[in-house]
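The structure appears right after this line, and notes come after that.
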Amino acid sequence: MKIMEPNAVHDFYGGVITGTAVKTGVKRLRDMIGAYKEAGEAEDLDRVMYEVYSFENGDPAQAGNLNWGLTVMYPELVGGECNFTRGHVHADQSCAEIYFGLDGQGLLLFMDQDGGTWAEKVRRGSLHYIDGRWAHRLVNTGDGVLKVGACWPVTAGHDYQWVEDHPFPVRVFKKNGEIICI
Ligand SMILES: O=P(O)(O)OC[C@H]1O[C@H](O)[C@H](O)[C@@H](O)[C@@H]1O
């Protein structure tokens, strides 16, 4: 029997996902600036807001295959607003997803197709079921890095346009250490 090294390794608490078939992406403030309510002119647009790692080993055309991912969000504020991901709904809304908290403190915002909005607290060990019809966005509300893992079908896809057409009606600010949802 041939015994092989794994194709990828997820260093759950101390690191990220590395290996073959691992894709990485970086979102800087310049990619997100238009989404914030009160971005000042003095903002450093090079600031890294979040990184995404995904282990995509399966044939992307084969329904039933899975991806495994990690989002690393820095404790950045923009005009007092907490760092958030772009947010998306799945292009194939029959595909659900599971998020799980690995480190830090955050919120997972949800919005259904009727505009109903709610949130779940994210922390180490928290599990979050995301129905394929629900738009979802992570917010780092803590003072440290927020790390969130994910597992989703390869055929889910990302529909960002839906979220641009139906913006989340809630924004999360941190004022004097207190989290305020407006
Ligand atoms: O794509 P965003 O809305 O910016 O979210 C960032 C990332 O969050 C999670 O890691 C998801 O599994 C990824 O599919 C998504 O790309």
Side-chain angles (χ1 to χ4, degrees), residues 8-13 15-19 21-36 47-58 60 63-76 78 81-113 117 119-124 126-142 145-172:
V9 170
H10 187 165
D11 180 354
F12 280 99
Y13 301 118
V16 296
I17 306 174
T18 51
V22 176
K23 295 182 180 170
T24 60
V26 176
K27 277 276 186 293
R28 295 181 187 275
L29 182 54
R30 70 164 42 75
D31 306 315
M32 296 290 295
I33 189 84
Y36 283 91
R47 272 201 267 172
V48 174
M49 304 302 285
Y50 62 98
E51 297 157 357
V52 176
Y53 301 79
S54 56
F55 175 46
E56 302 188 15
N57 207 51
N65 282 346
L66 297 171
N67 289 332
W68 181 265
L70 169 69
T71 303
V72 178
M73 302 183 71
Y74 295 96
E76 299 284 343
V78 180
E81 192 170 354
C82 296
N83 182 9
F84 57 84
T85 58
R86 195 173 168 191
H88 60 272
V89 67
H90 291 161
D92 179 347
Q93 296 188 2
S94 71
C95 292
E97 180 165 13
I98 289 180
Y99 276 9
F100 51 99
L102 287 166
D103 206 3
Q105 303 285 329
L107 288 174
L108 174 56
L109 305 186
F110 293 100
M111 185 167 59
D112 66 22
Q113 296 288 309
T117 308
E120 289 180 359
K121 291 181 180 178
V122 183
R123 58 176 177 270
R124 183 182 285 202
S126 62
L127 288 175
H128 310 276
Y129 188 82
I130 303 168
D131 186 283
R133 296 163 297 180
W134 299 342
H136 43 290
R137 163 177 284 168
L138 285 166
V139 184
N140 185 351
T141 57
V145 174
L146 175 68
K147 287 186 172 180
V148 180
C151 187
W152 70 101
V154 295
T155 50
H158 299 75
D159 182 350
Y160 294 106
Q161 191 61 48
W162 193 88
V163 169
E164 283 174 24
D165 294 342
H166 307 82
F168 281 90
V170 176
R171 291 179 176 275
V172 183

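Note that ligands are numbered from 1 as they come in the structure, with each ligand's atoms numbered from 1 the same way.
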Measure the distance from [atom] to every protein heavy atom, then report the residue, atom name and distance (to 0.1 Å) of the closest one.
atom                    : value
atom 6 (C) of ligand 1  : Val52 CG2, 3.8 Å
atom 10 (O) of ligand 1 : Thr71 OG1, 2.6 Å
atom 4 (O) of ligand 1  : Tyr50 OH, 2.6 Å
atom 1 (O) of ligand 1  : Tyr160 OH, 2.5 Å

* **Residue part near ligand 1, for His158, under 4.0 Å between non-hydrogen atoms** =>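 The part of His158 near ligand 1 is the side chain, not the backbone.
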* To do: Apply salt bridge (charged side-chain N to carboxylate O under 4.0 Å, His left out) to Arg86 and Glu164, showing your working.
  => CA-CA 9 Å; Arg86 195 173 168 191; Glu164 283 174 24; 3.4 Å; yes
[X] [atom1] to [Y] [atom2] distance, which is reported to the nearest 0.5 Å:
X      : Y      : atom1 : atom2 : value
Gln93  : Trp162 : CD    : CH2   : 8.0 Å
Met49  : Phe84  : CE    : CZ    : 8.0 Å
Arg171 : Glu81  : CZ    : CD    : 4.5 Å

* Taking His88 as the fixed residue, which of Trp134, Tyr160, Trp152 is the one that meets the ring pair (Phe, Tyr, Trp, His ring centres under 6.0 Å) rule? ->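 Option passing the ring pair (Phe, Tyr, Trp, His ring centres under 6.0 Å) with His88: Tyr160.
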Side-chain polar contacts of residues 95-110 - donor-acceptor pairs under 3.5 angstrom, sequence neighbours left out - could you list them?
{"unit_1": "Glu97", "atom_1": "OE1", "unit_2": "His90", "atom_2": "NE2", "d": "2.9"}
{"unit_1": "Glu97", "atom_1": "OE1", "unit_2": "His136", "atom_2": "NE2", "d": "3.3"}

* Are the side chain of Lys27 and the backbone N or O of Val52 linked by a donor-acceptor pair below 3.5 Å? -> no
* **Per-atom contacts, ligand 1 versus Glu97 - under 4.0 Å to a heavy atom** =>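 Counting atoms of ligand 1 from 1, those under 4.0 Å from Glu97 are 11 (C), 12 (O).
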* At a 4.0 Å threshold, what atoms of ligand 1 neighbour a non-hydrogen atom of Ala150? ->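 Per the distance check, 12 (O).
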* Asked: For Thr85, is at least one N or O under 3.5 Å away from an N or O on ligand 1?
  ->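 Such a contact does not occur with ligand 1.
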* Asked: Do any heavy atoms of Gly87 fall under 4.0 Å from ligand 1?
  ->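 Flag set, Gly87 near ligand 1.
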